[in-house]
Amino acid sequence: MFGGFNQQQNFNAQKGHTSNASNLVAVVGGSAGAPIAIANNPNSVPAAVGKKKRKYRLPKKVRQKLKQAKIAGTVRPVEQNMPQNPANRVNLPFEHPNVSRNLNQNVPSPMLEGQMKPNLLQQERIPVNFNFIALPKVIHMNVGTTIYLDTFSKKIYEPGKTDFDRQLMKSCDSWHQFVIHHNGKFTKKEILAALFTLIPRDEIFPIGYRQYDLHDVFLLTSSDSAGIETLFKNNLKLQIRDTEVCISVQLGAAKICHGQVHPKAQIILVCSELLQNATLHGSNYCVNLEGFEKNPAFSEVCISFANKTHLVTVFKALIDHEQSKFIKGMKFVNCGLRNLDSFRYLERFPKLEYLDLRNNHLESFIELKHLEKLNLTHLDVAGNPFVEKDEITMLQERIKRMLPTLKILDGLELLIRPKLEPGLLPGDDMTLDIMLDGDQITANDDFNAVNAVFKQRYRNSSYWHRVTVFHQGQYSKKQVVSKLLALVENNDLWPCYYSTMETYDEFYVHNNFEALEILVRNKLFIKSTMNEAPLQLMLTMNVSPYKIGQVDVLEKIQRTCLESLNNKILNLSGLADREIFSNVVIDMSSPRVVSQIILFASRKVSTHCTGINLSNNGITSCAGMFPLCWFPKLEYLNLRNNQIETFERLCGIPQPCKVSQVILEGNPLCNCSLFAYIKNAKQYFPELKTLDGASVTSDRILLGRQNYLCKPEAYSFVEAFVQHYFTLYDSNQKDLLKELYLDKAIFTLSCNFDVNRSKEVSRMSKYTSKARNIIRLVNLDQSMRNVFVGPDEIIKTIIDLHSTEHNFLTFCIDCPIHTKNFSVITVDGIFKDKPMQFLEDEFFIHFTRTFTLRSCGNGMGVCGVSQQFKIQNDLLLVRNVSTLEKISAVEEMPRDDEMNEEMKESEKENLIVVFQKMTSLNRKWCTRFLEDANWNFKLGLTLFVKLLEDSKIPENAFVKF
């Protein structure tokens, strides 16, 4: 029986006949209580019985069941979107279940009445080898003529099978059918939203969208080829929420005929109608595009302003209309806009004043930058995400800066005056959209050919260029930028929109042609040391046109200089970390970068600036600071916390330099003796008066770089005490120190001399006899006697010690405790024990002295009544100096010639008198010896003795008695 059925079907197919049952769906016995659809399949395998083709009828039982079902009303044509039209039916050929069972298991079909609805959870699996024969052959359109489909096409593609026929896809006379397998989980709105998210810019107009329980179907043409290629590149899948929805495609599903729907023609028609009815609150010529996609003219076309092509098509249709010159406003409420880069077409509407962008999806107010060239006076943006992120006042100020002609924002009058400086607020740069593939230049290219055309083609280019640096993960961002800046030397290179990848970095530059030319001359290759890998580069020229609102480095620098001048001090501290430079790499280790920034500052604020703060910038050299010569009033320079390693790197400071206040602390060059620190600093700043906040006009200075003071208010107190105490201690008026001690003050001395390390044993004995080293003393009674109590005993003990000369430049001062009533001060340094005889050598001693001070009431100070402190406990520890300490002490000890530069005439006269008495020389020769010795008395006597022994002093040089 079954064999006869198949032969009959094959015979009818060969003769061009179809059975009446071939257009019906019949109930032949459902196993689950619901009818089962049986369809005729032209792909069924016919059974050949004999050589003679015999005509067979349907089996009798089958014909009876079909007749009963038709009488009962359970067999009916399957209706589509237009059930009133009998031509709009699904024609499903009849088919025997044993022949096509496996095929029919995956063929989705419209639901029949009484049939059980499939369980959606079991339908998550996408059908494989989807049968397009089950789809309708005819699509009756509400707009345009009917589309007749060829469901027997072999050009069928599914996920995993995306090697498509490109020539057929681009055929200008073909429809292509797309099936979205959503398994009933997603709506048409969600599917289209995902489609236009995947294809936001390329042209794609879904036509004849039809919805089914398990899948949706629409058509595309060759005009949508770019969008179709995107779908194939995405492996024919759509991402909807957290689900991947598969797509089946049939290329060449039908021929395009005259009179069928054309999406752009429909858009032009609708735009013409909108212009004729353009009104808003009684004002003519305001085009309302709200609900544009819901216009009845688009019943067979899917329109979305989330796709750039759709929006541009609307703008062009409006521009081409003869009434476009009268348009004053446009409404884009609830239009799904995500960006406004297509709104540049609105410049073609000369009278446009009003724009309504409410309730869209604009994430950043920077998108409004595309409206800069419009003379808008009214703008509505409420309901967009960026409005909820920013404060109203800040938002108004930002928008007013971009749109200076704007008067009303969201119905509120703007009273904010735009600032004079152009641009956005700090860090608010437009994103860089890569629109072009650009011209790629790699290290493997023929550079003879590249150099021949590079200058001519790109010298005057206003486009962005991309620089890719391949480092294989061996270099950091800072190292990459430093090597690039070192290679281009004295040419500008400002990396913008920098991004770091695992094996390469890339950034974009604009108007930096000279630097790029140097990279090309070096064949896009940066050599390295033996221990470092070389860097290989790749240039991609002209990748995107420069737009107003994108990074403008020079404008940012100028704006920073203007905004950073406060109280005549230009604060350029930590430039690289400022928000305004978030999209620019500012590497201050490059002299070129430093010079450019100071140069721009000199053009804007030099006449008013008296100080510059360049701290915390990673500066390694002052080679780029020559523009400082254009600051005529400059007195203060702060270079704190940079990376200047040696004083030689200060040679870039222009000379003569009139800067008198300098801060260098926090640089590696500070790791030297205090004397050398001050001496070297004065070489580059001849008029230096304060260094690191401390005076350097005398030898008695206290620099904070080597001290620790617990509170800021302790600085003045400690400095005053230390200078006053040790000045009196070194003088011939030590008895005045009595006033600084309390009545029951205690003084103790400890010694740690190594006799074997010094020949000055006799001079050490002065200290050891007063020492209280309990461990070393044999007689404990002596340790008790060497505790000196009261001002009288203390001063007597101090006077008994040798005369001293403390070197203030070696002092290291700590003040761990300082309150209103109590203070602890520790002073560590070196002093010189003055020789008792003229020919004795200098004897240096290292000391540590700890003072405990207590408040003793109020007294009269320099500025009136002040709190007085006196010493309660004084502990002195002395020891031998090390070899390095002695060398340092000799170098740092203020020389007599330095002191004698400011020696008074009366003091010189006294030296002459004493020298004359000791040598019997006349006044002329005494003056000569002292001048040759720079008024160093000891050196002068040494010269006299040497010349006298050599009999080189004439007799007339002596005074005759």
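Counting begins at 1 with the first residue of the sequence.
- To the nearest 0.5 angstrom, L688 atom CG is 9.5 Å from Q661 atom CD.
- Remark: L409 CG to L368 CG distance equals 8.5 Å, nearest 0.5 Å.
- Aromatic ring pairs are classed by plane angle as parallel below 30°, tilted from 30° to 60° and perpendicular above 60°; the pair F717 and F721 is parallel.
- A tilted orientation is assigned to the rings of F386 and F365, their planes being inclined by 30° to 60°.
- Side-chain contact between F454 and I441: present, with at least one pair of heavy atoms (C-beta onward) separated by less than 4.5 Å.
- For S660, the side-chain contact (heavy atoms from CB on, under 4.5 Å) partners at least two apart in sequence or on another chain are E635, K689.
- Interatomic distance, W630 CH2 to L599 CG, rounded to the nearest 0.5 Å: 5.5 Å.
- Residues I813 and E719 are not in side-chain contact: their nearest non-hydrogen atoms beyond the backbone lie 4.5 Å or more apart.
- Inter-residue side-chain proximity for H465 and L539 is flagged as unmet; no heavy-atom pair is nearer than 4.5 Å.
- Just one of V585, L484, T468 meets the side chain to side chain contact (heavy atoms under 4.5 Å, CB included) condition when paired with F507; it is L484.
- Inspection of the D692 and Y677 side chains reveals an N or O donor paired with an N or O acceptor under 3.5 Å.
- Taken from CZ in R466 to CE in M538, the straight-line distance is 6.5 Å, to the nearest 0.5 Å.
- Stacking of K477 on the aromatic ring of Y498 is recorded, both the 6.0 Å distance cut-off and the 45° axial limit being met.
- L516 pairs in a side chain to side chain contact (heavy atoms under 4.5 Å, CB included) with only one of the listed residues (L537, L524, V488, V467), which is V467.
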Do T727 and F808 pass the side chain to side chain contact (heavy atoms under 4.5 Å, CB included) test, and can you show the C-alpha distance, the side-chain angles, and the key distance before you say yes or no? CA-CA 10 Å; T727 300; F808 281 70; 4.3 Å; yes
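- Between P686 and Q655, the closest side-chain pair of non-hydrogen atoms falls below 4.5 Å.
- S823 places a side-chain heavy atom less than 4.5 Å from the side chain of H818.
- Between C657 and E687, the shortest heavy-atom distance links the atoms O-CG, 4.2 Å.
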Let me see the working for V659 and L628 under side chain to side chain contact (heavy atoms under 4.5 Å, CB included), right down to the final yes or no. CA-CA 10 Å; V659 175; L628 291 177; over 6 Å; no
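- Side chains of L362 and V381 form no contact here, defined as non-hydrogen atoms less than 4.5 Å apart.
- Evaluation of the side chain to side chain donor-acceptor pair (under 3.5 Å) test over residues 597-614, restricted to residues two or more places apart or in two chains, returns N571-N613, N613-S615, N613-N638.
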Output, in order, the C-alpha distance, side-chain angles, deciding distance and verdict of side chain to side chain contact (heavy atoms under 4.5 Å, CB included) for L664 and L691. CA-CA 8 Å; L664 296 174; L691 179 59; 4.2 Å; yes
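- Side-chain contact between N511 and Y546 is absent, with no heavy atoms from C-beta onward closer than 4.5 Å.
- Distance check: E506 CD to T540 OG1 gives 8.0 Å after rounding to the nearest 0.5 Å.
- The side-chain heavy atoms of N616 and D577, taken from C-beta on, include no pair separated by under 4.5 Å.
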Step by step, would you call E514 with R459 a side chain to side chain contact (heavy atoms under 4.5 Å, CB included)? CA-CA 8 Å; E514 289 78 9; R459 182 175 184 84; 4.1 Å; yes
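- Nearest approach of V605 to C561, heavy atoms of both residues: CG1-O, 4.0 Å.
- Taking the six-membered ring for Trp and the full ring otherwise, Y636 and F631 have centroids separated by 6.0 Å or more.
- Just one of N490, D492, D587 meets the side chain to side chain donor-acceptor pair (under 3.5 Å) condition when paired with R592; it is D492.
- Atom CD of E648 sits about 8.0 Å away from atom SG of C651, to the nearest 0.5 Å.
- The environment of CD in Q456 is sparse: at most 12 heavy-atom neighbours from other residues, nucleotides or ligands sit within 6.0 Å.
- Side-chain atoms of K556 come within 3.5 Å of backbone atoms of I580 as a donor-acceptor pair (strictly under, hydrogens ignored).
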